[in-house]
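Reviewing the structure listed below.
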Amino acid sequence: MAKLTPIKAIRAKCLDCSNGQFKEVRLCPIKNCPLYEYRNGHRPIDEENIMESDTGKK
């Protein structure tokens, strides 16, 4: 079995939690889950990261 990246492992856990249903992962109602922001298989973009990258360009 291939090694999973942390993001892919989170995605796999979310799929397991939703009984393998991709649509249920996307529509997940459990917003207090620590994995919620990462459930779609990518890092969330937040305002803090955007602001840091803007100030670094100047």
Side-chain angles (χ1 to χ4, degrees):
M1 187 169 150
K3 254 184 149 172
L4 293 177
T5 64
I7 296 293
K8 289 183 180 181
I10 291 169
R11 175 72 171 167
K13 174 61 181 158
C14 291
L15 278 169
D16 181 54
C17 181
S18 65
N19 200 26
Q21 301 294 314
F22 291 101
K23 185 176 181 181
E24 292 300 318
V25 172
R26 192 171 51 250
L27 300 174
C28 179
I30 307 170
K31 295 186 183 199
N32 65 347
C33 174
L35 305 177
Y36 183 80
E37 295 294 324
Y38 301 91
R39 73 191 187 283
N40 290 320
H42 57 84
R43 287 181 154 186
I45 298 174
D46 59 21
E47 290 180 25
E48 186 175 308
N49 288 340
I50 294 170
M51 291 173 67
E52 286 176 7
S53 65
D54 287 344
T55 58
K57 290 180 182 178
K58 290 182 180 179

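One is the number of the first residue; the rest follow in order along the sequence.
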Measuring from [X]:[atom1] to [Y]:[atom2], what's the distance to the nearest 0.5 Å?
X: I30; Y: C17; atom1: CD1; atom2: SG; result: 5.0 Å
X: I10; Y: E37; atom1: CD1; atom2: CD; result: 11.0 Å
X: S18; Y: K23; atom1: OG; atom2: NZ; result: 12.5 Å

Does any part of the side chain of R11, heavy atoms only, come nearer than 4.5 Å to the side chain of V25, both counted from C-beta?
yes
Minimum-distance pair of heavy atoms, taken over all atoms of [X] and [Y]:
X: R39; Y: R26; result: NH2-O, 3.4 Å
X: A9; Y: L4; result: CA-CD1, 3.9 Å
X: P44; Y: Y38; result: CD-CE2, 3.4 Å

